[in-house]
Each structure stands twice: as structure tokens, then as C-alpha cells.
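Presented below is the structure to which this report refers.
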Amino acid sequence: MTFASPKANQHALYPGSFDPITVGHVDIVKRGLAVFDRITIAVARNIKKSPIFTFEERVEMIRETFADEPRIEVVPLAEGLLVDFARSIGVRNVLRGLRAMSDFEYEFQMASMNRRLTEDVDFVFLMTSEEHFFVSSSLIRDVAMNGGDVSEFVPKCVQKSLQAKFHSS
Ligand code: ADP
């Protein structure tokens, strides 16, 4: 019996909106780097809900967060099917993070549909640690918008950007 070559595991794609990147995302990337040699973070340009940060700002904050990590690359997520994009850059593994049951249901549907679309690309789920279970970009946005302290939940550069966005005057 033979299976896919070990090389298939070297590279993963981590797609998302990252509006903005949080310690939850960072935790998933850190865990991902223990499994994969390198990770390409793909940032969605168009998001269903209008983002508070522009595409360029979201990319810049991720680049700054991982500035010292050569195994991370940040790229725009191309329009179209995720699995087609993964194949176009030669990636077999899509990395996703899991928080609670709510994530599971959505992720399970998405992974199942994607499996129907192609057998070439697999979804790999990593669970975040307990202290990040409740951290979401949308909650961070709400707390920051209302003047709360989010320093514990986002990288330093994001904290500065949120401060500038909501409380610059
Ligand atoms: P999307 O808009 O695709 O949900 P996000 O930027 O919100 O993109 O998240 C990208 C990925 O990171 C998803 O797999 C999401 O479940 C995961 N993620 C987000 N926040 C956390 C967290 N606190 N812990 C673990 N995974 C997370």
C-alpha cells in the first residue's frame, strides 16, 4: 500500500479575512508551523461584511506580525474557488482554526463541499488553546470601537491601528 509522498505535507494555505489578525489566528499559525514547513496566509480581498480595515491594511498587519518568521508568506486570496487557488499555487493542505462548536459546523460544511469539488486538496483543522476560544475579529472590533482594551487579544501593530482608527482625534 502506498500513500501521498511526505512532501505533500510541507506547505499549507491559511485563508481568511483577518479583519484584523488576532492572537487566535497567530496561535493557529504557530501550531501550523509545528506541522508544516511553511504556511502561505491568503487574505480575502472582498469580504461579505464590509471590513473595517482595507485589504492593504490587513495584509500589512499580518506581514508585520510575522516579520521575523521566514516560513510565512502573505498573499492575496484570488477570486474563485479556494480549492482552485490552492491547486494553482501547488498546495495540498488548507489550514483552518477551530474554536467552538459553532466553528465546527461551518467548517465541516465547507470542507465537505470542497472535498466534493476536488480530492486533491485536504482541510487540516487545528484547535486553538482555551484562552483563545472566545477571541474573534468581530468581537475585537466591537470592543475596540467602544473604547475597550484589546491589547491582550491582538498583536501590537493591530492594537496601534485600532487605536488610530477609532480614537485618533
Ligand atoms: P473567515 O472570514 O474565513 O472566517 P477569519 O479571518 O475569521 O476568516 O478566520 C480564519 C480562520 O482562522 C478560520 O479557520 C477561523 O476559524 C480561524 N480562527 C479565527 N479566530 C480564531 C481563534 N480565536 N482561534 C482559532 N481559530 C481561529
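Any value given below was found using the heavy atoms of this structure, including those in side chains, with hydrogens, waters and symmetry copies removed. Both counts, for ligands and for their atoms, begin at 1 and track the order of listing.
The aromatic ring centroids of Phe36 and Tyr14 lie 6.0 Å or more from each other.
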Could you give me the CA-CA distance, side-chain angles and deciding distance for Arg87 and Thr118, then say whether side-chain hydrogen bond (donor to acceptor under 3.5 Å, both in side chains) is met? CA-CA 10 Å; Arg87 277 203 299 221; Thr118 178; 2.9 Å; yes

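Side-chain atoms of Arg63 come within 3.5 Å of backbone N or O of Val74 as a donor-acceptor pair. Between the side chain of Asp37 and the backbone N or O of Arg71, no donor-acceptor pair lies under 3.5 Å. A donor-acceptor distance shorter than 3.5 angstrom exists from the side chain of Lys165 to the backbone of Ile52, with no hydrogens or angles considered.
When hydrogens are left out, the protein atom nearest atom 23 (N) of ligand 1 is Val135 O, 2.8 Å; that is the closest non-hydrogen contact. Scanning the protein heavy atoms around atom 3 (O) of ligand 1, the nearest turns out to be Arg96 NH2, 3.3 Å. Protein heavy atom at the shortest distance from atom 1 (P) of ligand 1 is Ser17 OG, 3.5 Å. Counting only heavy atoms of the protein, atom 9 (O) of ligand 1 lies nearest to His25 NE2, 3.3 Å. For atom 16 (O) of ligand 1, the nearest non-hydrogen atom of the protein is Gly97 O, 2.8 Å.
Taking any N or O of Asp19, backbone or side chain, none lies under 3.5 Å from an N or O belonging to ligand 1. The distance criterion of under 3.5 Å between nitrogen or oxygen atoms is not met by Ser136 with respect to ligand 1. Annotation: Phe18 places an N or O atom under 3.5 Å from an N or O atom of ligand 1; distance criterion only. Polar contact check, Ser137 against ligand 1: no nitrogen or oxygen pair lies under 3.5 Å apart.
Per-residue contacts place Glu107 under 4.0 angstrom from the following atoms of ligand 1 (heavy atoms of the residue considered): 13 (C), 14 (O), 16 (O). The ligand atoms of ligand 1 that sit less than 4.0 angstrom from a heavy atom of Tyr14 are 11 (C), 12 (O), 17 (C). Each of the atoms 24 (N), 25 (C) of ligand 1 lies under 4.0 Å from some heavy atom of Thr128. Atom numbering of ligand 1 starts at 1 in the shown order; those under 4.0 Å from a heavy atom of Pro15 are 10 (C). For ligand 1 and Asp103, the ligand atoms under 4.0 Å from any heavy atom of the residue are 16 (O). Atoms of ligand 1 lying under 4.0 Å from at least one heavy atom of Ile28, given by number and element, are 25 (C), 26 (N).
Grouping the Ile, Leu, Val, Met, Phe, Trp and Tyr side chains by contacts below 4.5 angstrom, directly or via other members, places Phe133 apart from Val154.
Of the heavy atoms in Arg99, only side-chain atoms (C-beta onward) come closer than 4.0 Å to ligand 1. Residue contacts with ligand 1, taken as heavy atom pairs separated by less than 4.0 Å, do not involve Phe133 at all.
Here Arg45 does not pair with Glu79 in a salt bridge; the nearest charged N to carboxylate O distance is not below 4.0 Å. Ion pairing of Asp103 with Arg96 is absent here, as no side-chain N (NZ or NE/NH1/NH2) approaches a carboxylate O to less than 4.0 Å. Salt-bridge check for Asp19 with Arg141: passed, with a basic side-chain N closer than 4.0 Å to an acidic carboxylate O. Using a cutoff of 4.0 Å between basic side-chain nitrogens and carboxylate oxygens, Asp27 and Lys30 are not scored as salt-bridged.
Between Gly24 and Val135, the closest heavy-atom pair is N-CG1, 4.4 Å.
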